[in-house]
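Source: prediction; values computed, not measured. Proteins come first, then strands; the chains are lettered A, B, ... in the order of their sequence lines, and each starts at number 1.
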Amino acid sequence: MELYKQHQIKLYNSLSGKKEIFKPIIDGYIGMYVCGPTVYSNVHLGNVRTFMSFDMIYRYFMHLGYKVRYVRNITDAGHLTDDNAEDKISTKARLEKLEPMEIVQRYTVDFHEVLKEYNFLSPSIEPTATGHIVEQIEAIQTIIDNGLAYVINGSVYFDVLKYNEKENYGILSKRIIEDAIENTRELDGQSDKKNPQDFALWKKAEPEHIQRWNSPWSEGFPGWHLECTVMSTKYLGEQFDIHGGGMDLKFPHHECEIAQAQACNHKAPVNYWMHTNMLNLNGKKMSKSTGNSILPGEIYKGNNEILSKAFSPSVTRFFIMQAHYRSILDLSNDALLASEKGYNRLMNAQQLIDTIVPSNTSSLDINIWKQNCYDAMNDDFNSPMLIAQLFEGVKFVNLLVENKATLTIDDLAIFRNTFNTFVFDILGLESLNSDNNSDKLSGVVELMIAMRNEARVNKDWALSDKIRDELLDLGIQLKDGKEGTTFSI
RNA sequence: GGCGUCGUGGCCGAGUGGCUAGGCUGGGCUCUGCAAAAGCUCCUACAGCGGUUCGAAUCCGCUCGACGCCUCCA
């Protein structure tokens, strides 16, 4: 029997503002769409956090035996800002004297490299906005035909007020449109819109605009919310299970998506909306545009102003997983340092599991512990709670290793299997020392350890301490234990 | 200005009407030639003020503070 039949998941639905029991449209299958990055610059760690949260969610669904179609787009057509004739990709292209698609390619490659470093699973489909211009034009035509969009000077706008007569614009973000109208900021620059709340479906390109396509209305480019509506509909259907993204996309982006889909297909597109919270730096949201951000590469290479040392992708992943996806998380040197120690303790215990010898009886109830792990994840993917349980497991490991507790061969198998599944398959952590020390280096250190032990036998403390201290200066720490000396790099 | 989220021990960070979060740090102990590492163990908090309740950090109200969205943003 599939695991998902034994585990009921509750997840927080932004649409209702409550935790709800998750029930997919088709039993055993899940369609999930997550808004991906706009590739006009390097992704920063805040971007990574959102995708990592959904990576963990994706991993858990898969572990439970669901067949998941996970779609995460790449926005490779620049979004237009209201008061700016030029979008970000075009701006970057002009400044760097490159083709827009060169910009797109560069940062798409960067994005994928970062995800690889952080041990991400690939989504099932990773569609691009520019690959779906035709579908976007068709969707615009449908919305016009349905009377919810209007054409002005070659551009097409969604008529929010008219939509709101029969539907609820604000259903997701809990905004009251009348309030929004009252509190509209004065926009300088003359707009073609009937109302400031209206948003562009198609924008006529100014002469200097590089990314442009032909359409029934003008040579131009699609509006900034449309791609997600079109691509999610195309690959997941008119109604699908989960739509995710960062909290900052809730309004207007996701609100507009709902309106567009509703205007096209006359039904609510998404059953469960999930929003991840922001990653803060210096107490403020990480953001590309304000420059308050740190790049993944700066963290694992250590070349930054904020952190005292480099932190491996796995430590960073552990750090992010220690906070719930709906909570704000603050990045700081101290927090990462603490996470690194905790991560090391967890992984050391994981490696010790294989040395445990089974007994005839079990003194620990491993099934309750296992259930606690699942309960944590079933409750809105509570990874920090899961990690607390895993540290319970660490305690078990130490008791077992010291023969202060026992497990039967069957229980031990369950324990090992569960521990590894949650650490590696679901949290997506990677084990220590897997790549950073070569066989040759290990051999040399083993040799030094042997020489030091010889000195210790001879009570030559000066020599043995010299070996120990100088290795430490090189970043190699010797650890004397009952079973002999081990080391970490 | 509008809407919303949040305010937990030295730090990070869960949880929630009554029962231990967890990690890190610090103290003690074990181990050790010494140290480190490792293990065990201790440190019991929920912004403030009212209210509801047998009982609130958890529910309600107010105050203060932080942050987010309202403009591109994960």
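Going from atom CZ of A:Phe51 over to atom P of B:A74 covers 6 Å, rounded to whole Å. Here the C1' atom of nucleotide B:G7 and the NE2 atom of A:His324 are 18 Å apart, to the nearest Å. Across the protein-nucleic acid pair, A:Asp330 atom CG and B:U8 atom P stand 11 Å apart, rounded to whole Å. Following rounding to the nearest Å, A:Tyr33 (OH) and B:A74 (P) show an atom-to-atom distance of 12 Å. One interatomic measurement links the two molecules: CZ of A:Arg49 to P of B:C12, which rounds to 15 Å at whole-angstrom precision. The CZ atom of A:Phe318 sits 17 Å away from the P atom of B:C12 (whole-angstrom rounding).
B:G17 and B:C11 have their P atoms separated by 27 Å, given to the nearest Å. Atom P of B:G9 sits at a distance of 10 Å from the matching atom of B:G48, rounded to the whole Å. The C1' atoms of B:G4 and B:C19 are separated by 34 Å, rounded to the nearest whole Å. Using C1' as the reference atom, B:C60 and B:C67 are 24 Å apart when rounded to the nearest Å. Taking the P atoms as reference points, B:G26 lies 11 Å from B:A36, given to the whole Å. On the C1' atoms, B:G7 is 13 Å away from B:U63, given to the nearest whole Å.
Under the Watson-Crick and G-U wobble criteria, each requiring two contacts below 3.5 Å, nucleotide B:G22 is paired to B:C12. Of the nucleotides present, B:C29 is the one that pairs with B:G39 by Watson-Crick or G-U wobble criteria, both distances under 3.5 Å. Within the shown strands, nothing qualifies as a pairing partner of B:G17 under the Watson-Crick or G-U definition with both distances less than 3.5 Å.
Considering only the side chain of A:Asn398, B:G39 comes nearest among B:G39, B:C70, B:G13. Among the nucleotides B:C12, B:G13, B:C70, the one closest to any side-chain atom of A:Ala335 is B:C12. Picking from B:A74, B:A14, B:C34 the nucleotide with the shortest atom distance to the side chain of A:Met278 gives B:A74. For A:Arg456, the side-chain atoms get nearest to B:C34 when compared with the rest of B:C34, B:C73, B:G13. When distances are taken from the side chain of A:Arg345 to each of B:G39, B:G13, B:C34, the shortest belongs to B:G39. Closest approach to the A:Gln477 side chain among B:A37, B:G15, B:A74 is made by B:A37 (side chain taken as heavy atoms from C-beta onward). Comparing B:C40, B:G13, B:A74 by their nearest atom to the side chain of A:Pro384 picks out B:G13. Here the nucleotide nearest the side chain of A:Arg175, chosen from B:A35, B:G2, B:G22, is B:G2. Checked against B:A14, B:C11, B:C72, the side chain of A:Met385 finds its nearest nucleotide in B:A14. Of all nucleotides listed (B:C67, B:C11, B:C73), B:C67 comes nearest to the side chain of A:Lys284.
Relative orientation of the A:Tyr169 and A:Tyr163 rings is perpendicular, given thresholds of 30° and 60° on the angle between their planes. Between A:Phe391 and A:Phe318, the ring-plane angle classifies as perpendicular under the 30° and 60° cut-offs.
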Given the rule in the side chain to side chain contact (heavy atoms under 4.5 Å, CB included) test, do A:Lys19 and A:Asp379 qualify, once you have shown the distances and angles that lead to the verdict? CA-CA 9 Å; A:Lys19 279 187 201 171; A:Asp379 184 10; 2.9 Å; yes
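Put simply, A:Asn382 has no side-chain N or O that comes within less than 4.0 Å of OP1 or OP2 on B:A14. Between A:Ser464 and the phosphate of B:G33, there is no side-chain N or O to OP1/OP2 separation shorter than 4.0 Å. Of the side-chain N and O atoms in A:Lys285, none sit less than 4.0 angstrom from OP1 or OP2 of B:C67. Of the side-chain N and O atoms in A:Lys288, one or more sit less than 4.0 angstrom from OP1 or OP2 of B:A74.
Across A:Tyr272, A:Tyr70, A:Trp273, A:Phe54, a single residue satisfies ring-ring contact (aromatic ring centres under 6.0 Å, His included) together with A:His243, and that is A:Trp273. A:Asp55 pairs in a salt bridge (charged side-chain N to carboxylate O under 4.0 Å, His left out) with only one of the listed residues (A:Arg49, A:Arg317, A:Lys116, A:Arg72), which is A:Arg317.
Mapping A:Lys341 and A:Asn344 onto RNA chain B by nearest heavy atom places A:Lys341 closer to the 5' end of the strand. Nearer the 5' end of RNA chain B, as judged by each residue's closest nucleotide, is the contact made by A:Tyr325, out of A:Glu402 and A:Tyr325.
A:Gly245 comes within 4.0 angstrom of the backbone, heavy atoms only, and of no base. Within the nucleic acid shown, A:Leu279 comes within 4.0 Å of at least one base atom, counting heavy atoms only. Counting any heavy atom pair closer than 4.0 Å across all strands shown, A:His275 reaches no nucleic acid atom. Residue A:Gly36 is in sugar-phosphate contact alone, with no base atom involved, counting any heavy-atom pair closer than 4.0 Å across all strands shown. Within 4.0 Å of A:Lys404, counting heavy atoms only, lies no atom of the nucleic acid at all.
Ion pair A:Arg94/A:Glu208 not flagged as a salt bridge, since none of the NZ, NE, NH1 or NH2 atoms sits closer than 4.0 Å to an Asp/Glu carboxylate oxygen.
The base of B:A35 is paired with the side chain of A:Asp480 by a donor and an acceptor separated by under 3.5 Å. A:Asp334 contributes no side-chain N or O that forms a donor-acceptor pair with the base of B:G10 under 3.5 Å.
Minimum interatomic distance between A:Ser41 and A:Lys288 (heavy atoms only, all atoms of both residues): OG-CD, 3.2 Å.
How far CG of A:Asp330 is from CZ of A:Phe319: 7.5 Å, rounded to the nearest 0.5 Å.
In this structure, A:Trp461 packs face-to-face on the six-membered ring of B:G33, meeting both the 5.5 Å centre cutoff and the 30° plane limit.
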